[in-house]
Amino acid sequence: MKKILATSILVLFGGFAASAYAAKDFLNVSYDPTREFYQEYNQAFGQYWKSKTGQEVNFKQSHGGSGKQARAVATGLQADVVTLALANDIDEIVNTGQIDKNWQKEFPNNSAPYTSTIVFLVRKGNPKQIKDWNDLTKPGVEIITPNPKTGGAPRWIYLSAWGYALKQPGGNDAKAKELVKKLYQNVKVLDSGARGSLTTFAERSIGDVLLSWENEALLATQGLGKDKYDIVYPSISILAEPSVAIVDKTVDKNGNRNLAKGYLNYLYSPKGQELAAKYFFRPRNKQVANKYLTQFPKQKTFNINDVFGGWAKAQKTHFVNGAIFDQIYAEK
């Protein structure tokens, strides 16, 4: 009887242990330019998590234009976390009840663990002499940029140009609209996401200038790219703050809440910040950032809240159906 009981207890707790430490599936739905970063990040975090908990994780990644990715999660793609290009895309998922409305308070820096900005990637020697936003409106300049209706970077790009115009002497919304309209009249290809635009510019050799995330431009100038491209930092650009959040509905369903919290918290750790810098995202951690001062030139930036009243207002004014971008593009 004692032997049977002991065997039963062993089976019971053996089964519990097997269940507790079974490999967990975990999906991070992200935007285009984070592919390489999260591939290495997942490996580093996976090792850390296993050392702390004994649990293995089967990481899965999904990448595309940030707006498109947000809509995929909103309509059924079961992400454990989202790491998207801007806060408004996460708010679109909040509206479906899958993410808590106070998500920005869950992690430091309004749940934006690293930053970036918008720069110009030009052909070596900058043959069209593109130095600032107004140069993009000159006749004969062919621009490659993603579509603001599907991606996150293109909304940062559009608002960067608009904000630049506002900050010029005598700048106002009418002058900003005119500059942005002329800019889009010079767009040669409007891809659905930032990585597609990089492919168009670099691999298909179309266009004189790519309007780009800083990290994408820096990646493009590594190795053989250093002989093909130059990066132009405009006189002013926008402070881009990619955002992260737990998809509460999914993690509560599959029991991944602690894993999801650990995953996003690790982005703020020295290791996570080092990896962000390695892939040319600007780290929030000052000690880590100070190690990469030569990698990231000083850039004058403005904040979306100060210039546009925040993402909710900017989205409604510029990017919803029938708003200013649609008006401008219809006149293209």
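Across all non-hydrogen atoms, the minimal contact from D208 to K128 is OD2-NZ, 2.9 Å. Contact detail for A85 and A153: the closest heavy-atom pair is CB-N, 4.4 Å. Closest heavy-atom contact between A165 and A176: CB-CA, 3.5 Å. Of all heavy-atom pairs between S66 and D89, the closest is OG-OD2, 2.6 Å. The minimum heavy-atom distance between K124 and D230, with the atom names listed, is NZ-OD1, 3.0 Å. Closest approach of A260 to I246, counting heavy atoms only: CB-CG1, 4.0 Å.
The hydrophobic clustering, which links ILVMFWY residues whose side-chain heavy atoms are closer than 4.5 Å, places I328 and V141 together. Cluster membership check: F319 shares its hydrophobic cluster with L166, using side-chain heavy-atom separations under 4.5 Å among Ile, Leu, Val, Met, Phe, Trp and Tyr. Linking ILVMFWY residues whenever their side-chain heavy atoms come closer than 4.5 Å, directly or via other members, places L275 and V244 in the same cluster. Note: the hydrophobic cluster containing V209 does not contain I144 (ILVMFWY, side chain heavy atoms under 4.5 Å, direct or indirect links).
With rounding to the nearest 0.5 angstrom, the OG1 atom of T150 is 8.0 Å from the CZ atom of R155. Within the model, atoms CG of D248 and NZ of K253 stand 14.5 Å from one another, a figure rounded to the nearest 0.5 Å. Atoms CD and CD1, from E92 and I99 in turn, are 11.0 Å apart once rounded to the nearest 0.5 Å. Once rounded to the nearest 0.5 Å, the distance linking CG of D173 with CD1 of I324 reads 7.0 Å. S243 contributes atom OG, which lies 9.0 Å from atom OH of Y114 (distance to the nearest 0.5 angstrom). Expressed to the nearest 0.5 Å, how far OG of S197 lies from CD1 of I157 amounts to 7.0 Å.
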Apply side chain to side chain contact (heavy atoms under 4.5 Å, CB included) to the pair Q61 and N42, showing each step before the final yes or no.
CA-CA 9 Å; Q61 298 175 217; N42 289 344; 3.1 Å; yes

Do I231 and L218 pass the side chain to side chain contact (heavy atoms under 4.5 Å, CB included) test, and can you show the C-alpha distance, the side-chain angles, and the key distance before you say yes or no?
CA-CA 8 Å; I231 297 176; L218 287 168; 3.5 Å; yes

Hey, mind stepping through Y38 and T83 against side chain to side chain contact (heavy atoms under 4.5 Å, CB included) and telling me if it holds?
CA-CA 10 Å; Y38 278 113; T83 56; 3.4 Å; yes

When you look at D32 and W213, which way does the side chain to side chain donor-acceptor pair (under 3.5 Å) test go after all the steps?
CA-CA 10 Å; D32 264 335; W213 289 108; over 6 Å; no

Could you go through R284 and E241, starting from their C-alpha distance and side-chain angles, then the distance that decides it, and tell me whether this counts as side chain to side chain contact (heavy atoms under 4.5 Å, CB included)?
CA-CA 10 Å; R284 295 282 199 180; E241 298 179 287; 2.8 Å; yes

For side chain to side chain donor-acceptor pair (under 3.5 Å), just list the numbers for N147 and S192, CA-CA rounded to whole Å, side-chain angles, deciding distance to a tenth of an Å, and then say yes or no.
CA-CA 5 Å; N147 188 340; S192 62; over 6 Å; no

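Under the 3.5 Å distance criterion, the side-chain polar atoms of N110 are left unmatched by any main-chain donor or acceptor of A112. In this structure, the side chain of E214 does not engage the main chain of T115 through any donor-acceptor pair within 3.5 Å. With hydrogens and angles disregarded, a donor-acceptor distance shorter than 3.5 Å links the side chain of S160 to the backbone of W156. A donor-acceptor pair under 3.5 Å links the side-chain atoms of Q327 to the main chain of G322, judged by distance alone. Although no hydrogens or angles enter the test, the distance criterion places a donor-acceptor pair under 3.5 Å between the side chain of N172 and the main chain of K175. For Q273 (side chain) and L267 (main-chain N/O), a donor-acceptor pair under 3.5 Å exists by modelled atom type. The main-chain N or O of D25 is found under 3.5 Å from a side-chain atom of N256 such that the two form a donor-acceptor pair.
A side-chain donor from one of K149 and N321 sits under 3.5 Å from a side-chain acceptor of the other. Side-chain N/O atoms of Q69 and S62 include a donor and acceptor closer than 3.5 Å. Side chains of T117 and S237: a donor-acceptor N/O pair is present below 3.5 angstrom, by distance only. Counting only N and O atoms by type, the side chains of N28 and Y263 include a donor and acceptor under 3.5 Å apart. Side-chain contact check for T250 and D80: no donor-acceptor pair (N or O, by modelled atom type) lies under 3.5 Å.
Applying the side-chain hydrogen bond (donor to acceptor under 3.5 Å, both in side chains) test to every pair with at least one member in residues 135-146, sequence neighbours left out, gives these pairs: D135-K138.
Residues Y31 and H63 keep their aromatic ring centres 6.0 Å or farther apart. Aromatic pair F120/W133: ring centres closer than 6.0 Å. If you look at F37 and F280, their ring centroids are not closer than 6.0 Å. Remark: aromatic rings of F296 and Y233 are distant, center separation not under 6.0 Å. Aromatic ring centroids of Y266 and Y41 lie under 6.0 Å apart. Ring to ring, F59 and W49 are not that close: their centroids are 6.0 angstrom or more apart.
When each of E216, E40, R35 is tested with Y279 by the rule side chain to side chain donor-acceptor pair (under 3.5 Å), just one qualifies, namely E40. Of the options L159, N134, I238, a side-chain contact (heavy atoms from CB on, under 4.5 Å) to Y164 is made by N134 and by none of the others. When each of L121, V119, N126 is tested with V232 by the rule side-chain contact (heavy atoms from CB on, under 4.5 Å), just one qualifies, namely N126.
Applying the 6.0 Å contact sphere to OH of Y48 captures no more than 12 heavy atoms from other residues, nucleotides or ligands. Environment of CD in Q287: sparse, with no more than 12 heavy atoms of neighbouring residues, nucleotides or ligands closer than 6.0 Å. Environment of NZ in K177: crowded, with over 12 heavy atoms of neighbouring residues, nucleotides or ligands closer than 6.0 Å.
Between F325 and Y158, the ring planes lie perpendicular to each other; the angle is over 60°, past the 30° to 60° tilted range. A tilted orientation is assigned to the rings of Y229 and F201, their planes being inclined by 30° to 60°.
With respect to E331 and K181, a salt bridge is recorded, a charged nitrogen being found less than 4.0 Å from a carboxylate O. Between K278 and E36, no side-chain nitrogen of the basic residue sits less than 4.0 Å from a carboxylate oxygen of the acidic one, so the salt-bridge criterion is not met. Salt-bridge check for R257 with D252: passed, with a basic side-chain N closer than 4.0 Å to an acidic carboxylate O.
Y268 has its side chain within reach of P108: a pair of non-hydrogen atoms, C-beta onward, lies under 4.5 Å apart.
Taking the side chain to side chain contact (heavy atoms under 4.5 Å, CB included) definition, one finds that Q98 meets it with V73, I93, T96, V247, K249, sequence neighbours left out.
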Side-chain donor-acceptor distances from residues 302-311 under 3.5 Å, at least two apart:
{"unit_1": "N303", "atom_1": "OD1", "unit_2": "N305", "atom_2": "N", "d": "2.7"}
{"unit_1": "N303", "atom_1": "OD1", "unit_2": "N305", "atom_2": "ND2", "d": "3.4"}

